[in-house]
*Asks:* 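Have a look at this one.
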Amino acid sequence: MKGLPAAVTVGLSDVHPCVDLSGREESASSPCVTVAMMGKEDIVLIHLQNTVYSERVATMLDCASTACEKINGLMETALMQHLQTSFNRAERRFAAPSVV
């Protein structure tokens with residue numbers, strides 16, 4: 001597996017990009033783009049909604065990429081903590097009894 005998937009939607013508030021829009025914000029007529037990434041570098045989906053001016057697309061994609069990288073890092077940390085906890089439990093459960 002190349003990495004964990006992460007996705008965000010970026011919209012524009014006036015000229016400033018906003019990450020992780022609510023359903024109501026997405027359904028408004030303002031432009032937004034949904035980006036999904038696999039791992040920290042591979043963009044696997046770009047979905048544009050409404051008209052987005054070409055000079056704003058790069059900024060929106062940069063924000064989406066940064067947000068996906070942060071989400072990916074948080075998910076990797078949580079997954080590793082979960083695996084470590086599960087491994088420790090299994091190790092204690094199946095450990096050989098100590099001989100005195």
Side-chain angles (χ1 to χ4, degrees):
M1 185 173 184
K2 288 177 111 177
L4 299 170
V8 296
T9 300
V10 178
L12 292 174
S13 172
D14 296 321
V15 294
H16 303 289
C18 299
V19 177
D20 196 22
L21 303 177
S22 68
R24 187 163 49 165
E25 290 169 326
E26 281 186 52
S27 66
S29 62
S30 62
C32 60
V33 59
T34 300
V35 176
M37 295 181 70
M38 185 66 76
K40 295 184 178 181
E41 296 179 3
D42 297 329
I43 294 177
V44 294
L45 171 82
I46 297 176
H47 178 76
L48 296 169
Q49 297 171 341
N50 302 325
T51 303
V52 180
Y53 293 110
S54 59
E55 61 269 6
R56 294 184 181 168
V57 171
T59 303
M60 294 171 80
L61 290 177
D62 286 342
C63 289
S65 177
T66 301
C68 283
E69 286 178 23
K70 288 180 181 182
I71 291 169
N72 196 285
L74 292 169
M75 288 191 304
E76 285 179 358
T77 300
L79 179 62
M80 294 308 292
Q81 288 174 349
H82 175 73
L83 290 174
Q84 186 64 41
T85 301
S86 297
F87 178 76
N88 289 341
R89 282 186 195 145
E91 196 173 56
R92 284 193 306 268
R93 183 175 176 197
F94 296 108
S98 57
V99 178
V100 178

*Asks:* Please identify each residue that fulfils side chain to side chain contact (heavy atoms under 4.5 Å, CB included) with Ala36, with sequence neighbours left out.
*Replies:*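 Checked Ala36 against side chain to side chain contact (heavy atoms under 4.5 Å, CB included); matches are Ala7, Val44, Leu45.
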*Asks:* Using a 3.5 Å cut-off and no angle test, enumerate the donor-acceptor pairs between side-chain atoms of residues 80-89 and protein atoms at least two apart in sequence or in another chain.
*Replies:*
from	atom 1	to	atom 2	distance (Å)
Gln84	NE2	Asn88	OD1	3.2
Thr85	OG1	Gln81	O	2.9
Ser86	OG	His82	O	3.0
Asn88	ND2	Gln84	O	3.4

*Asks:* Can you confirm whether Val33 sits close enough to Val57 that some side-chain heavy atom of one is under 4.5 Å from a side-chain heavy atom of the other?
*Replies:* no
*Asks:* For residues 69-78, please give each side-chain donor-acceptor pair under 3.5 Å, one per line with the distance, not counting sequence neighbours.
*Replies:*
from	atom 1	to	atom 2	distance (Å)
Asn72	ND2	Leu4	O	2.8
Asn72	ND2	Gly39	O	3.3
Thr77	OG1	Gly73	O	3.0

*Asks:* Rounded at 0.5 Å granularity, tell me how far OG1 in Thr9 sits from CG in Asp20.
*Replies:*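 Rounded to the nearest 0.5 Å, the OG1-CG separation comes to 7.5 Å.
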*Asks:* In chain order, what residues pass the side-chain hydrogen bond (donor to acceptor under 3.5 Å, both in side chains) check against Ser30, with sequence neighbours excluded?
*Replies:* none
*Asks:* Quick one: closest heavy-atom pair of Gly3 and Met38, and the distance?
*Replies:* O-SD, 3.1 Å
*Asks:* Between Leu61 and Ile46, does the side-chain contact (heavy atoms from CB on, under 4.5 Å) criterion hold? Intermediate values first, please.
*Replies:* CA-CA 9 Å; Leu61 290 177; Ile46 297 176; 4.1 Å; yes
*Asks:* I need the full list of salt bridge (charged side-chain N to carboxylate O under 4.0 Å, His left out) pairs touching residues 42-66, with sequence neighbours left out, sorted by first then second residue.
*Replies:* Lys2-Asp42
*Asks:* Report the residues that fulfil side chain to side chain contact (heavy atoms under 4.5 Å, CB included) with Pro17, sequence neighbours left out, ordered by chain and then residue number.
*Replies:* Val10, Leu12, Thr59, Cys63
*Asks:* Looking at every heavy atom in both Met60 and Cys32, which two are closest together, and how far apart are they?
*Replies:*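 Heavy atoms only, the tightest pair is CE-CA, 3.9 Å.
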